[in-house]
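Everything on this sheet refers to the single structure shown next.
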Protein chains: 2
Amino acid sequence: MADKNCNETISQHGFRFTQQRREVFDALQGKNDHPTAVDVFIRVQKKLPGISLATVYNCLETLTECGLIRAVHHDRQPSRYCANLAPHAHFFCEDCGAVSDVPPGEAQAEAAGWQVPVGTIVTQREISFRGYCPDCAAAHQTLLS
Amino acid sequence: MADKNCNETISQHGFRFTQQRREVFDALQGKNDHPTAVDVFIRVQKKLPGISLATVYNCLETLTECGLIRAVHHDRQPSRYCANLAPHAHFFCEDCGAVSDVPPGEAQAEAAGWQVPVGTIVTQREISFRGYCPDCAAAHQTLLS
DNA sequence: CTAGGTGCAAAAGGTTTGCGGTTAA
DNA sequence: TTAACCGCAAACCTTTTGCACCTAG
């Protein structure tokens, strides 16, 4: 069903629904980790041994353009990809490198309160947190005590 | 005076206060544009014709490590650097590529309301907006009307 | 049938690094 | 004096591109 939706969306954007695009899309579904292009490449290779990394990059870009997935960036590290289309922020652990989704609270639906100049049109907002995930924070605390 | 402070801070971090670091630091002071490493390189060359781009990169990293400047990233575009140490967000214009600082409003001191998992330690937060700056937004409107 | 997509290999572009000579402390 | 730093050039790593072949519609 996700594939059906994917197919339709891709077609609506004037692209073809190829095996490669389907597998790249599938590789992100149902996981909430945030794989890099290379990670996706490794996953998809299990289904399509002949796929090339360049094609994975191309597919990821196409899918992003179609709004089926989202690209996530942190510093200049490799791009990561995310199938969670709901509004959310990202958390990057400085220790283990894990990337996780951060859902907004009730009161946090909009980025109210930022003094964007009058006349500005904001089309997108990105919020990211950096620090230590619960596991790594606990490990730190143990070391310090 | 800014230089004096810069000198002290660099020394405190165990680094040397070299001409190159001073000029790189100075190249960012008093401007609120957000130059790339190459932009800084071009500026600093006027003062130190012999400086190399690699040194500019190294200086920018050292200064960032000392907390004297801040690195700003957007997608995988070249890193930009910012001398504004006050808490603020960034706005990236999709049309003209301008990067500007966005000060927080009164009610926006913290990014409260995000459901970070219990036990997480957040050390840094980054907020960025993308869209059209007032000038480009006006241009768009003109085209559409 | 054919425009668009794929695989490959090579290039691009930003950033980092190794090394011999230089300099701030 | 000497460890840190600089300039240079080469390496690195992610991402993009050109081209000949292939395939979805």
What's the [atom1]-[atom2] distance between [X] and [N], to the nearest Å?
| X | N | atom1 | atom2 | answer |
| --- | --- | --- | --- | --- |
| B:Q45 | D:dC6 | CD | P | 15 Å |
| B:R22 | D:dC6 | CZ | P | 13 Å |
| A:D39 | D:dT14 | CG | P | 11 Å |
| A:D3 | D:dA24 | CG | P | 15 Å |
| B:F17 | C:dA25 | CZ | P | 8 Å |
| A:I10 | C:dG5 | CD1 | C1' | 12 Å |
| B:D75 | D:dT14 | CG | P | 17 Å |
| A:Q19 | D:dG25 | CD | P | 11 Å |

*asked:* On a heavy-atom basis, which atom in A:T9 and which in A:C66 lie closest, and how many Å separate them?
replied: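 Of all heavy-atom pairs spanning A:T9 and A:C66, the closest is CG2-O, 3.7 Å.
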*So which heavy atom on B:G131 is nearest to which on A:T123, and how close?*
CA-OG1, 3.5 Å
Are [X] and [Y] close enough that some pair of their side-chain heavy atoms sits under 4.5 Å apart?
| X | Y | answer |
| --- | --- | --- |
| A:S52 | A:V56 | no |
| A:C133 | B:T120 | no |
| B:I42 | B:V38 | yes |

*Could you run through nucleotides 7-14 of chain C and give me one letter per nucleotide, 5' to 3': B if any protein heavy atom sits under 4.0 Å from the base, S if only the sugar-phosphate is that close, - if neither?*
BBB----S
*Give the angle between the helix axes at the two ends of the helix from C:dC1-D:dG25 to C:dA25-D:dT1, taking five base pairs at each end and rounding to 10°.*
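Roughly 50°, once rounded to the nearest ten degrees.
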_Listed once per pair and sorted, the ring-ring contact (aromatic ring centres under 6.0 Å, His included) pairs that draw on residues 7-48 of chain A, sequence neighbours left out_ =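 Passing the test, one end in residues 7-48 of chain A: A:H34-A:H90.
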*asked:* Among residues at least two apart in sequence or on other chains, which ones pass side chain to side chain contact (heavy atoms under 4.5 Å, CB included) with A:A83?
replied: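 Only A:L28, A:Q29 meet the side chain to side chain contact (heavy atoms under 4.5 Å, CB included) criterion with A:A83.
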_Residues that A:R43 engages under salt bridge (charged side-chain N to carboxylate O under 4.0 Å, His left out), provided they are two or more places apart_ =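 Scan of A:R43 (salt bridge (charged side-chain N to carboxylate O under 4.0 Å, His left out), adjacent residues dropped) gives A:D33.
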*asked:* Among residues at least two apart in sequence or on other chains, which ones pass salt bridge (charged side-chain N to carboxylate O under 4.0 Å, His left out) with A:K47?
replied: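 Expected list: A:E23.
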*If each of B:C59 and A:F15 is mapped to the nucleotide of DNA chain D with the nearest heavy atom, which maps nearer the 5' terminus, i.e. the 5' end?*
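Nearer the 5' end of the strand: B:C59.
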*Sequence neighbours left out, what pairs pass salt bridge (Lys or Arg N to Asp or Glu O under 4.0 Å) with at least one residue falling in residues 6-22 of chain B?*
none
*Provide the full list of salt bridge (Lys or Arg N to Asp or Glu O under 4.0 Å) pairs with a residue in residues 77-95 of chain A, sequence neighbours left out, each pair given once.*
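Of all non-adjacent pairs touching residues 77-95 of chain A, none passes salt bridge (Lys or Arg N to Asp or Glu O under 4.0 Å).
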Can you check nucleotides 20-23 of chain D for protein contacts, nitrogen or oxygen pairs under 3.5 Å, and list what you find?
unit_1, atom_1, unit_2, atom_2, d
D:dT23, O2, A:R16, NH1, 3.1

*Any chance the side chains of A:N32 and A:D101 put a donor and an acceptor closer than 3.5 Å?*
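Side-chain D/A pair, A:N32 to A:D101: absent.
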*Would you mind listing every side-chain hydrogen bond (donor to acceptor under 3.5 Å, both in side chains) that reaches into residues 57-76 of chain B, with sequence neighbours excluded?*
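Output for this query lists B:H73-B:S79, B:D75-B:R130.
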*Taking DNA chain C as the partner, which of residues 60-68 of chain A come within under 4.0 angstrom of it by heavy atom?*
none
*Is the distance from OP1 or OP2 of C:dT6 to the nearest side-chain N or O of A:T18 less than 4.0 Å?*
yes
*In the hydrophobic clustering (ILVMFWY, side-chain contacts below 4.5 Å, transitive), which residues join A:V72, or is it alone?*
A:F92, A:V99
